[in-house]
Number of protein chains: 2
Amino acid sequence: MAPAPTLASADRRIEILKSAAAAFRRRGYHGASVDEIASALEMTKGNLYYYFRNKEEILYACHEYSLDVLLALLDDVRADASTPDQKLRRLILAFVHLLLDELQATALTIDLQALSPPLLRKIIARRDAFDRGLREIIQQGMDAGTFAPGNPKMVAFAVMGAVNWITKWYDPAGPLTSEAIGQAFADYLVGGLTRMPGEPAPPLPPPAR
Amino acid sequence: MAPAPTLASADRRIEILKSAAAAFRRRGYHGASVDEIASALEMTKGNLYYYFRNKEEILYACHEYSLDVLLALLDDVRADASTPDQKLRRLILAFVHLLLDELQATALTIDLQALSPPLLRKIIARRDAFDRGLREIIQQGMDAGTFAPGNPKMVAFAVMGAVNWITKWYDPAGPLTSEAIGQAFADYLVGGLTRMPGEPAPPLPPPAR
DNA sequence: CACAGCGTTGAACGAGCGTTCAACGCTGTG
DNA sequence: CACAGCGTTGAACGCTCGTTCAACGCTGTG
């Protein structure tokens, strides 16, 4: 309602990225039109080309931005001196929060393959860095015996899949808060499902309904 | 190499679906062209319209086919009289197998939203049926105390996410067989990650590398 | 008041793609 | 040999969408 005060150019770029991320999530990269991205911001599509060279650059910037956020998170988690299971738990909680509340539920889900090879390589390199960090935490847990032995790569893929998939069913208007989802996922993905007879349940907040 | 013997019409339809599913997975629905789907089968795009009314109908048929396969699996698993954890394990193993070896790694991953509302509703109804079946198994495990208490809906989402995400990183030419992936995922998603001190590890095949 | 430049507009272009369709060959039948 | 019909072709159409660009208003400066 308030007549938007003129935005600095950098802010405008971020506005565009958010609109684009939302459109890409709903329709996919090829399905979302440049006009659609612009209209959501009440600007013309021609104007977008003042801020970005082309549609691909917008997609690239979306991924770049998401990775900035996620790699910063990873660094944070690595730095704190806690046990692997605490680290993993914190990582999942924060990932879900960032994904749903800051990244328009888009992060790593949108068509990477739509990028041309040079840009694609850059993004993949950074995504791999994130993967490695995640695997490292899992490996540490296995080495320490906190986690069951297994293939850390596969566990990492499973965790990433579970979390990224949230964007497919999450409804911001629905009853589930990003907080509650994060808790439930951290509980399950770190604590596990099966309870051996007589095993004490790990500390839980009042059982989520 | 062998000059393909003339295929019956129904077989030809399935060939098309497989090619389409592969193309959709790589490029997304809007990114994949009708011509691309046809060329992979060495036919012209015009010819596709002898078998399907339009591109959307191809997408619809892909989902329909996937759901046929998956709902049949669900029925199978429900019918067998075993414990919830065994059922869940079997479901995951078979799901991964079907997904990677039969469904061109495509199942539920491709842009549902690209379907027009009437078709979309039909697919969503069947997908929900699958979800309900999965949740039911999880609920039974929780009721029986085999599984930790929690929200079965969230656990089901996490499992589906982990499994469907496989299509994003699986490489048929890579070292991992669909079998190995299924085992690792079933181990993790059913057995869990965390080991309490002194807890016996659940039976595992020789620790996967 | 003149000027400069940033941000914006809206029309236009051109390519790509989904879809249509008239025509064609091949196969089996009478 | 004539005919029918299935499966196929390839060209053409029309629409959508990404991209370009000349022109315009608004704001602040000298």
Side-chain angles (χ1 to χ4, degrees), chain A residues 3-63 110-111 113-116 118-120, chain B residues 3-63 110-111 113-116 118-120:
Chain A
T6 313
L7 291 171
S9 181
D11 289 335
R12 210 75 217 255
R13 271 180 67 102
I14 295 198
E15 291 243 311
I16 294 170
L17 289 187
K18 288 194 175 184
S19 170
F24 290 157
R25 174 176 54 78
R26 285 197 307 272
R27 312 254 235 189
Y29 174 71
H30 288 104
S33 75
V34 171
D35 194 56
E36 185 181 346
I37 298 169
S39 297
L41 299 170
E42 290 175 70
M43 63 199 293
T44 61
K45 63 176 174 174
N47 195 10
L48 279 190
Y49 288 80
Y50 180 78
Y51 296 93
F52 294 93
R53 263 207 301 281
N54 51 37
K55 192 182 179 186
E56 186 187 6
E57 192 178 286
I58 299 180
L59 176 61
Y60 178 72
C62 282
H63 275 112
I110 30 176
D111 317 62
Q113 310 296 345
L115 289 172
S116 60
L119 295 184
L120 183 60
Chain B
T6 312
L7 291 171
S9 181
D11 290 336
R12 210 77 219 256
R13 271 179 66 101
I14 295 198
E15 291 243 312
I16 294 170
L17 289 187
K18 287 195 174 182
S19 171
F24 290 157
R25 175 176 53 78
R26 285 197 308 272
R27 313 254 234 188
Y29 174 72
H30 288 104
S33 75
V34 171
D35 194 56
E36 185 181 347
I37 296 169
S39 298
L41 298 170
E42 293 175 67
M43 62 199 293
T44 60
K45 64 175 174 173
N47 195 11
L48 279 190
Y49 288 80
Y50 180 77
Y51 296 95
F52 294 93
R53 262 207 303 279
N54 51 36
K55 192 183 179 187
E56 186 186 5
E57 191 179 286
I58 298 180
L59 176 62
Y60 178 72
C62 283
H63 275 113
I110 29 175
D111 317 60
Q113 310 295 345
L115 290 172
S116 60
L119 295 183
L120 183 59

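First the proteins, then the strands, lettered A, B, ... as listed; each starts at 1.
If you take CD1 on A:I14 and OG on A:S19, they are separated by 13.5 Å, rounding to the nearest 0.5 Å. A distance of 10.0 Å separates OG of A:S116 from CG of A:L59, quoted to the nearest 0.5 Å. To the nearest 0.5 Å, atom NZ of residue B:K45 and atom OG of residue B:S33 are 7.5 Å apart.
Electrostatic pairing of A:E36 and A:R27 counts as a salt bridge here, judged by a charged N lying under 4.0 Å from a carboxylate O.
Using a 4.5 Å heavy-atom cutoff, the side chains of A:I37 and A:F52 are not in contact.
When the side-chain nitrogen and oxygen atoms of A:T44 are compared with OP1 and OP2 of C:dT8, none of them lie within a distance under 4.0 Å.
A:I110 and A:R25 make their closest contact through CG2-N, 4.0 Å (heavy atoms, listed as atom of the first residue, atom of the second, distance).
The CD atom of B:E42 sits 13 Å away from the P atom of D:dG10 (whole-angstrom rounding). Separating the CZ atom of A:F52 from the P atom of D:dG18 is a distance of 15 Å, rounded to the nearest angstrom. C:dC6 atom C1' lies 9 Å from atom OH of A:Y51, rounded to whole Å. In this entry the distance linking CG of B:D11 with P of D:dC6 reads 18 Å, nearest Å. In this structure, B:M43 places its CE atom 14 Å from C1' of D:dG10, rounding to the nearest Å. As rounded to whole Å, 14 Å separates atom P of D:dC17 from atom CZ of A:F24. In this entry the distance linking CG of B:L48 with P of D:dG10 reads 14 Å, nearest Å.
By the side chain to side chain contact (heavy atoms under 4.5 Å, CB included) test, A:N47 pairs with A:M43, A:T44, A:Y50, A:Y51, sequence neighbours left out.
Although no hydrogens or angles enter the test, the distance criterion places a donor-acceptor pair under 3.5 Å between the side chain of A:Y29 and the main chain of A:E56.
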Next on the checklist: At under 4.0 Å between heavy atoms, how does the protein contact nucleotides 17-22 of chain C? Give one character per nucleotide, 5' to 3', with B, S or -.
Outcome noted: -BBB--
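Counting non-hydrogen atoms of other residues, nucleotides and ligands closer than 6.0 Å to NZ of B:K55 gives a total above 12.
Stretches of at least 3 consecutive Watson-Crick or G-U wobble pairs, with each checked distance under 3.5 Å, appear in DNA chain C as C:1-30 with D:1-30.
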